[in-house]
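Quick notes on the structure that follows.
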Protein chains: 2
Amino acid sequence: MIQYKNIQYQCSMELTLDLIGGKWKSLILWHLGENTLRFSELKRTLPQITQKMLTQQLRDLEADGLVHRYIYTQIPPKVEYSLTEAGKSLLPILATLCQWGLNYANEVEVTAKDLTCEQSAPSSLSQ
Amino acid sequence: MIQYKNIQYQCSMELTLDLIGGKWKSLILWHLGENTLRFSELKRTLPQITQKMLTQQLRDLEADGLVHRYIYTQIPPKVEYSLTEAGKSLLPILATLCQWGLNYANEVEVTAKDLTCEQSAPSSLSQ
DNA sequence: CATAACGGTATAAAAAAAGATACTACCTTA
DNA sequence: TAAGGTAGTATCTTTTTTTATACCGTTATG
């Protein structure tokens with residue numbers, strides 16, 4: 001039994017999925033795996049995400065200690081996001097999830113064109 | 001770009017999370033990792049899940065080729081669920097997710113008591 | 001005859017997640 | 001002076017996910 005933020009988990013996997021599940025979190029982590037990115041850069045990398053969702057997910061990731069937020073006190077504002085050590089430790093797992101999905105797609109013969117573990121696999125993981 | 005069941009994924013990881021994400025799927029897979037289980041046995045193993053959710057998630061997993069459903073034509077009815085090869089190939093990943101959550105919990109000093117990658121880690125994975 | 005176990009289905013409601021849209025303040029550029 | 005970039009916030013609505021509850025037919029048990 002795990003308790004985290006007033007939620008009880010019977011299995012630590014449930015906790016993991018709360019931390020990286022949902023539509024955007026793993027993608028955000030994945031993109032930050034390569035570079036430190038500014039808010040607007042992240043937004044451009046994930047064109048479909050709304051500003052609200054990006055802000056919300058980044059706040060969650062920050063509160064969970066997976067992402068670091070650095071504010072430059074300047075005008076116009078500049079805020080940079082990067083992975084914490086905990087966040088970096090997720091990258092190999094994200095790569096595995098990505099690779100499994102890729103294999104699955106090939107075996108089930110899903111229409112998969114030019115598919116790699118995109119978009120832009122962190123160079124630290126490309127062997 | 002992947003397309004599967006009329007949904008477009010930019011990254012295969014999104015596909016993976018659709019297949020195993022949500023509140024119950026990974027837990028169901030995890031429990032089926034050890035044994036073939038009947039509907040009612042699964043229900044007892046996951047006391048909090050409603051009958052409807054269990055049915056629904058099992059149908060999803062079956063449709064995605066991760067779980068096999070075997071109906072014994074007898075009365076009272078007997079239905080057994082087990083992992084397909086694709087489902088089994090997920091077990092190491094689930095173990096990794098579980099282990100990461102466990103490490104996270106310990107490092108963040110979440111209240112984690114007697115926590116292993118429960119409930120009943122598949123024996124095939126216990127090294 | 002009533003109840004329970006089996007493996008569900010059907011319907012409705014509640015809760016959570018995600019999206020759309022408008023707005024802010026400040027500065028720079030045209 | 002108007003438009004665009006910066007990093008957001010505030011509301012509201014929609015969509016998706018999850019839950020609650022009642023119900024089905026069959027057989028066995030008390």
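Worth knowing before you read on, the calculation uses all heavy atoms, side chains too, and leaves out hydrogens, waters and symmetry mates. Chain A is the first sequence line, chain B the second, and so forth, proteins listed ahead of strands; every chain is numbered from 1.
Rounded to whole Å, atom P of dA16(C) lies 18 Å from atom CG of Leu17(A). Nucleotide dA13(C) holds its C1' atom 15 Å from the CE atom of Met53(B), rounded to whole Å. Straight-line distance from the CD atom of Gln74(A) to the C1' atom of dG5(D): 13 Å, rounded to whole Å. Rounding to whole angstrom units, NZ of residue Lys43(A) and P of dG19(C) are separated by 11 Å. Summarising the geometry, the separation between CD on Gln56(B) and C1' on dT16(D) is reported as 11 Å, rounded to the nearest angstrom. Whole-Å rounding puts the Glu41(B) CD to dG8(C) P distance at 13 Å. Put simply, CD on Gln57(A) is 12 Å from C1' on dG19(C), counting in whole angstrom units. Residue Ile49(A) contributes atom CD1, which lies 14 Å from atom C1' of dG8(D) at whole-angstrom precision.
Phosphate proximity of dG8(D) to Thr55(A): absent, as no side-chain N or O sits under 4.0 Å from OP1 or OP2. Side-chain nitrogen and oxygen atoms of Arg59(B) include none within less than 4.0 Å of the OP1 or OP2 phosphate oxygen of dG7(C). Put simply, Tyr70(A) has no side-chain N or O that comes within less than 4.0 Å of OP1 or OP2 on dA7(D). A close approach under 4.0 Å does not occur between any side-chain nitrogen or oxygen of Thr50(B) and OP1 or OP2 of dA20(D). Remark: Arg44(B) is not in phosphate contact with dG7(C), judged by side-chain N or O atoms under 4.0 Å from OP1 or OP2. Neither OP1 nor OP2 of dT6(D) sits under 4.0 Å from any side-chain N or O of Arg38(A). For Lys23(A) and dG19(C), the shortest distance from a side-chain N or O to OP1 or OP2 is below 4.0 Å.
Across the interface with DNA chain D, nearest-nucleotide mapping of Pro76(A) and Arg69(A) shows Pro76(A) to be the residue nearer the 5′ end. Mapping Asp18(A) and Val79(B) onto DNA chain C by nearest heavy atom places Val79(B) closer to the 5' end of the strand. Mapping Trp24(A) and Pro77(A) onto DNA chain C via the closest heavy atom, the residue that lands nearer the 5' end is Trp24(A).
Checking Tyr4(B) against Asp64(B) by side-chain atom types alone, a donor-acceptor pair falls below 3.5 Å. Side chains of Tyr72(A) and Glu80(A): a donor-acceptor N/O pair is present below 3.5 angstrom, by distance only.
Residue-to-nucleotide contacts include a donor-acceptor pair under 3.5 Å from the side chain of Lys52(B) to the base of dT19(D).
In this structure a side-chain-to-backbone donor-acceptor pair under 3.5 Å is present from Lys43(A) to Ile49(A).
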- request: Report the C-alpha distance between Arg44(A) and Glu41(A) in whole Å, list the side-chain angles of each, state the deciding distance to 0.1 Å, and finish with yes or no for salt bridge (Lys or Arg N to Asp or Glu O under 4.0 Å).
  value: CA-CA 5 Å; Arg44(A) 271 190 294 271; Glu41(A) 292 172 319; 5.4 Å; no
field: Audit row: Gln99(A), Asn103(A), side-chain hydrogen bond (donor to acceptor under 3.5 Å, both in side chains) steps and yes/no
entry: CA-CA 6 Å; Gln99(A) 188 57 52; Asn103(A) 290 349; 3.2 Å; yes
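With a 4.5 Å cut-off on side-chain heavy atoms, Tyr81(B) and Ile28(B) do not count as touching.
In this structure, Lys78(B) reaches the sugar-phosphate backbone alone: every heavy-atom distance under 4.0 Å involves primed, P, OP1 or OP2 atoms, never a base. Within 4.0 Å (heavy atoms only), Tyr81(A) reaches sugar-phosphate atoms of the nucleic acid but no base atom.
Closest approach to the Ile75(B) side chain among dC27(C), dT6(D), dT26(D) is made by dT26(D) (side chain taken as heavy atoms from C-beta onward).
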